[in-house]
Amino acid sequence: MTHVSPRRTYYLVFLALMVLTAVTTGVAYLDLGPFNTVVALAIAFLKAGLVVAFFMHVMHLTNLSKLFAVGALVWMVILIALTVSDYWTRQWGVPAQGW
Amino acid sequence: MNELPLFPPQASTMSAEVDNLFFYITAVAAFFTVAIYICLGVFAVLYRRRDPRFVPRPILGSTILETTWSVVPLGLAMVMFGWGAKLYYDQYTPPENAHEIFVIGKQWMWKTQHPSGQREINELHVPVGRPIKLTMATQDVIHSFYIPAFRIKRDVIPGTYTSMWFTATKPGRYRLFCAEYCGTSHSGMIGWVTVMEPGDFENWLSGGASESMAQSGEKLFSQYGCASCHSNDQPGRCPPFRGVYGSTQQLTDGRRILADDAYIRESILNPQAKIVAGYQPIMPTYQGQISEEDLLRLLAYIKSIGQRPQPASEGIAEGPARGTMGATPAPREATTNPQAPTKTGRPPR
Amino acid sequence: MRIASQPTYAEKVPINYLNAEHGLKSWLLTVDHKRIAILYLLSVTAFFLVGGLFALLIRLELLTPQGDLVRSDVYNRLFTMHGIVMIFFFLIPSIPAVLGNFIIPIMLGARDLAFPKLNLLSWYLYMIGGILTLYAVLAGGVGTGWTFYTPYSTVYSNSHVMVTAIGVFITGFSSILTGLNFIVTTHTMRAPGLTWSRMPLFMWSLYATSLIQVLGTPVLAIAILLVGIERLWGVGIFNPALGGDPVLFQHLFWFYSHPAVYIMVLPAFGVISELIQNFSKKRIFGYKFVAGASVAIAVYGFLVWGHHMFTTTQSVYAGMIFSFLSFFIAIPSAIKVFNWTATLYQGSISYQTPMLYAIGFIGLFVIGGLTGLYLATMGVDIHVHDTYFVVAHFHFIMVGGSVLAYLGGIHYWWPKISGKMYPDGWGRFSALVVFVGFNLTFLPQFILGYLGMPRRYHAYPEEFWVLNVFSTAGASILGVGYFLPLVYLIWSWFYGPEAPANPWQARGLEWQVPSPPPTTNFPAPPLVTQETYEYSLEEAEVV
Amino acid sequence: MSETLTHSQHGTSPLQHQFDDLGQQWHANTIGMWLFLATEILFFGGLFVSYLVYRSTYPEAFAEASRHMDVLAGTVNTAVLIGSSLMMALAVQSAQLGANKLVQRFTLLTMFLGTVFLVIKVWEYYHKYTEQLIPGANFAYEGAMRHQVEMLFVFYFVMTGMHALHMFIGLGLLTYILILARRNAFSREYFFPAEVVGLYWHFVDLVWIFLFPLLYLIGAHYQGPVHK
Ligand code: HEA
Ligand code: HEA
Ligand code: CUA
Ligand SMILES: [Cu+2]
């Protein structure tokens, strides 16, 4: 029911996380237009992925726990997507005088 | 206690349409209700327990039946959706020639003002047969402007303009309610809508107000010191207003935006949010200093000197709302970026 | 050591969960799911009476068009407190926390829930939240509507919003923890042989309910927290004067509160599935569809919340998406209704009290659900939004549906819970009274709504008078209908005849243990070899 | 170090009465924690979606506000928290091996780094106070988009405040693990309290991984409103 990872893995993951932190801070000072946000989020997701995969041992979980983890993310996407479907379409194709 | 109406009067072009849809749904609902009740009743009698030891034969189910009673209701429901969405869309698309009336909700009354200057409280006079567009604002909490006889209702949300439109079809007096809970006297925020023959309406309009909304707006314009900067025609430190309303404004950050009600409102309350190209951000904010009523008058004034027909499709495009939250604050952005994908007309994000 | 429980085991045992220990402390510190269920039963009933009292005052005020019984401020607090108490403190915990708590572990063949201490903590959180809310009532009440819409709730209302918000916030965590407990229990505590496809339908529906509780309630918590922060520190989150958007609050609120209506109705579905089968001695028609529909409702339920916001500044397109999806949610509900009806076909139906409630439920839920279709239709909702049509819609589902199912479930499992039988004649009579009173109260409200009577009105125009009188008359009858079970159930607790282990010849592990069950439920984990609803088998063979 | 299922210092079995065996108990505890984390994700999700709505509405104001964040403190804190996550992972690993001494050491290190994080956080808050950037209470920023700028600070305080609250709860749970380790409770069979608390602690770390760029970094390259 359990999997013990070698310490080395943890140290490597830690190193990767630190490097990514440095990168994300560094990149923030370059003006990439809208890509600043994209890069920042991409790195954040990468880091999150590392934590979940190695520190939280998601790979060695039962399918059920994986399902809950994924489910929570899906629900988060529902929350965001449908809310944003309102805010980002409020301007669409409304007649000239506004309504 | 001797009145017992069971159905509301139909007094706008929308009433009959909403009622027809209502009858359609009622027919579907009645069909299923009756069908289920009959089954329940018949089974209840036929299969009542006679012998306590009798064990009925189990029936596991039937995929064909399950599919039927999923697909058929869904089909009927999709008609409701399509029909309802169409009515809704129509309701939010005022005709071009609609006559505009301004409405302000506050705890706990409705104030209305006609462009020609007449003001009313908890009353609204409109002519029969002419599309009327209400532009609505609130000074405090959310209210909701509701005329049951017209089958229309629209929330009035602070911080933005909302609007709705209708064409009354029958002269008479109809109830006007506030439908969104707004505090102590929510139930007292009611009034009457009076629909008149066009001739009577003209008479009614001509009696009363001494100055039009645009005229009062013009006075306010100097009163609030706007005139110290802005003039109608000479460009100087400030943009002139001739032709502004309804045009597309070029902003310093490259966006182009349609100057509609919400844009004008924002330009006054939060001028720094969108700076017109070629000008400095020197305009002071008037947030909290101008009442909603005066704002509407200023708007009427700026409209009166600025209205210019807007070509229907001019590459007007959309983007995420910036600076304003509401629906009217629909400051739409136009694509200036030549290499932007233009198929949908949306600027790249 | 696994034995199939012997039929003799179902006979009376001298020591059961009720008399195993004595004293107040043995109740307040218990971790036994059955005792915690009793704690919930008592508190939920108390809150129902409080909420019902408010309802009675509302109806009395509306007996005349003028607002002459109470001041408008008081009236506003009445319906607010009525809504808050009924929803958060009565209906949401009712079936899951009372019946679910009692029955789930036994149905699954377990000794207790997976986390008994957490279960007790849930009850305490619920009580703390409830007492804070009651404190708010006594201190003068809260008058924002149960929906807490901003900016009224954050900037304008001078009632006790903070205390109530904290109360609801805390109760939310009770709900989350209960849901979590049930899900884990369902996954890990099932008796050997009790596969998912053999699981009772009550379990399926509570499982689906718990998913909603776990995934939806935190968003309510955060929405309420933001309201509290905005109100306390006067910062701008939803306040338009400070750059916020009041409609964002509505998004967050309904992201929880629409799924929450399924928290209130799914457990009812589960109860009805049990009742229909056991009182017609017939396995459900289309087990897989009925079970799957519960989960489908839990999932779809999260996709439709914007249908409460058609008249706001919500974009037309988002509105269309939400409307479109709202119709899909009708399908799993339809599947349930049709399958229940089909189950009766060629059954052997007996009309004891629980079954009367079950049939009443179907009849009223159908009307309540179908009127939801009017509301999901955008063009019509523009007219009936925030009118009594909506009030009638949700009372049909929540009172005509869920409350009836709750009463049906209480009557059904009462012999198990109390070990006593109640007088069935009185039971059937009061079920009838409830049904009549209910229809008289809420049917006229549909007409009122389409006529245009707005909800949350303290006084109303004269032309709505007659229908309101009907409604108030109905509410009084309804009150009597609720009062009767209160009396005879309490009576039976003390004086009723002893109940056998399985008074209804029903199926399900809970009927295999004595009434009332011993503290550990089963002497050893039972082995399940059959699906739950095998009426043709002799009882002894079932386990 | 204890090997047997039923062993602990006090002679009572770690197996709780409602479970049949430790495997079942482990399973229940792990999925319980994952479910709880699902709840937590949606709890923060409500905040994130509000943030998203306002940021996409007021991009400039948010960038402007973000320039007032202390990027250095934020970066250091990120590193500190990741470090504490590493210690946590090592503590869990030690528990899996039944090495109670190591569990104690790593748990203490985790708690130490967690505390450092909170101290830096408080220090940051204090600076916001002296710079008069606390919304509602003393917000002295007087630029053009005052309210919109203030909005990001509201989110800053609510989000980091909620995060800090979770850290406090985490510290409490770690204390519990410390006590268990001192009692030599962990063994190769019975280690899941550490594992479950570890999941929680890593989750808190995860939240911060998103908060950091979203709050601190969006203004780093921003030069103020463009006025050509
Ligand atoms: C338990 C509670 C519960 C349940 C289960 C439901 C179920 C449904 N509700 Fe309801 N609703 C509420 C409680 C509930 N509601 C509350 C409390 C409010 C008001 C909140 C407030 O503002 O205070 C509300 C408000 C509300 C609104 C907003 C109204 C407004 O404010 O303007 C809408 C709009 O779409 C709606 C729709 C629906 C729909 C489509 C369903 C569907 O799930 C119903 C599905 C069921 C059926 C359809 C019946 C069975 C099917 C058949 C017999 C087959 C035939 C079917 C077809 C032809 C499709 N509800
Ligand atoms: C579970 C939910 C639930 C339940 C069970 C009920 C039950 C009832 N409700 Fe409720 N109602 C809501 C949920 C519920 N309601 C909600 C959410 C709202 C919206 C609130 C808002 O707008 O914010 C609402 C609003 C609402 C209104 C609209 C108010 C308005 O908009 O102005 C009305 C009006 O008739 C009403 C009536 C009733 C009646 C007559 C009952 C009856 O079924 C109640 C019958 C019960 C009794 C009559 C009590 C019996 C008790 C005794 C006899 C004992 C006496 C008491 C003591 C000894 C302490 N309700
Ligand atoms: Cu204004 Cu209700
Ligand atoms: Cu809903």
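To find a chain, count down the sequence lines: A is the first, B the second, and so on, and within it residues start at 1.
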Heavy-atom proximity to chain C below 4.5 Å, by part of B/Tyr146: side chain

Pick from C/Gly369, C/Ser323, C/Pro332 with the largest number of heavy-atom pairs that fall under 4.5 Å of chain B: C/Ser323

Residue C/Arg455 versus chain B: region with a heavy atom under 4.5 Å: backbone

When C/Gly143, C/Ala334, C/Gly363, C/Gly347 are compared by non-hydrogen pairs under 4.5 Å with chain B, the top option: C/Gly347

Test item: B/Lys106 and B/Glu292 side chains (from C-beta on) under 4.5 Å apart, heavy atoms: no

Distance, nearest 0.5 Å, that separates CD of B/Glu17 from OG of B/Ser12: 9.0 Å

Residue, of B/Cys39, B/Gly188, B/Ser144, B/Ala44, that accumulates the most heavy atom pairs under 4.5 Å with chain C: B/Ala44

Pick from B/Ile36, B/Ile190, B/Thr33 with the largest number of heavy-atom pairs that fall under 4.5 Å of chain C: B/Ile36

Side chains of B/Phe32 and B/Leu76 in contact at under 4.5 Å (non-hydrogen atoms): yes

Side-chain touch B/Val103/B/Val156, heavy atoms, less than 4.5 angstrom: no

Heavy-atom proximity to chain B below 4.5 Å, by part of C/Thr150: backbone

Ring centres under 6.0 angstrom apart (B/Tyr181, C/Phe79): yes

B/Leu65 versus chain C, the contacting section by heavy-atom distance below 4.5 Å: side chain

More than 12 heavy atoms of other groups within 6.0 Å of C/Phe470 CZ: no

Top contributor to chain C interface from B/Pro52, B/Pro58, B/Ala29, B/Ser15 [non-hydrogen pairs under 4.5 Å]: B/Ala29

Residue, of B/Ile152, B/Asp140, B/Ile142, that accumulates the most heavy atom pairs under 4.5 Å with chain C: B/Asp140

Chain C interface, residue from B/Arg50, B/Arg57, B/Met189 that has the most non-hydrogen pairs under 4.5 Å: B/Arg57

Chain C contact via B/Met14 - which portion, at a heavy-atom distance below 4.5 Å: neither

Interface residue of largest heavy-atom contact number with chain B, from C/Ile349, C/Ile284, C/Thr144, under 4.5 Å: C/Ile349

Distance-only side-chain donor-acceptor flag, C/Tyr345 / C/Ser280, under 3.5 Å: no

Closest-packed option against chain C by number of heavy-atom pairs under 4.5 Å, given B/Asp90, B/Leu60, B/Leu40, B/Leu87: B/Leu60

Atom group of B/Val45 that falls short of 4.5 Å from chain C, counting heavy atoms: backbone

Selection from C/Pro240, C/Ser348, C/Gly286, C/Gly379 maximising heavy-atom pairs under 4.5 Å formed with chain B: C/Ser348

Distance flag, aromatic centroids of C/Phe361 and C/Trp340, threshold under 6.0 Å: yes

Chain B contact via C/Ile331 - which portion, at a heavy-atom distance below 4.5 Å: side chain

Validation row, ring centre C/Phe322 to ring centre C/His308 under 6.0 Å: no

Residues C/Thr312 and B/Asp155: side-chain donor-acceptor under 3.5 angstrom: no

Contacting region of B/Cys178 [heavy-atom separation from chain C under 4.5 Å]: both

Any donor-acceptor N or O pair under 3.5 Å, side chains B/Thr67, B/Ser70: no

Option that, when pairs with chain B are counted at under 4.5 Å, heavy atom only, ranks first among C/Phe279, C/Phe327, C/Tyr460, C/Tyr75: C/Phe327

Criterion ring pair (Phe, Tyr, Trp, His ring centres under 6.0 Å) on C/Phe446 and C/Tyr450, from CA distance to verdict: CA-CA 6 Å; C/Phe446 283 121; C/Tyr450 204 75; over 10 Å; no

Portion of C/Phe338 that has a non-hydrogen atom of chain B nearer than 4.5 angstrom: both

Side chain, backbone, both or neither of B/Tyr37 within contact of chain C (heavy atoms, under 4.5 Å): side chain

Among the listed options C/Phe324, C/Phe464, C/Tyr457, the residue most often paired with chain B at heavy-atom distances under 4.5 Å: C/Tyr457

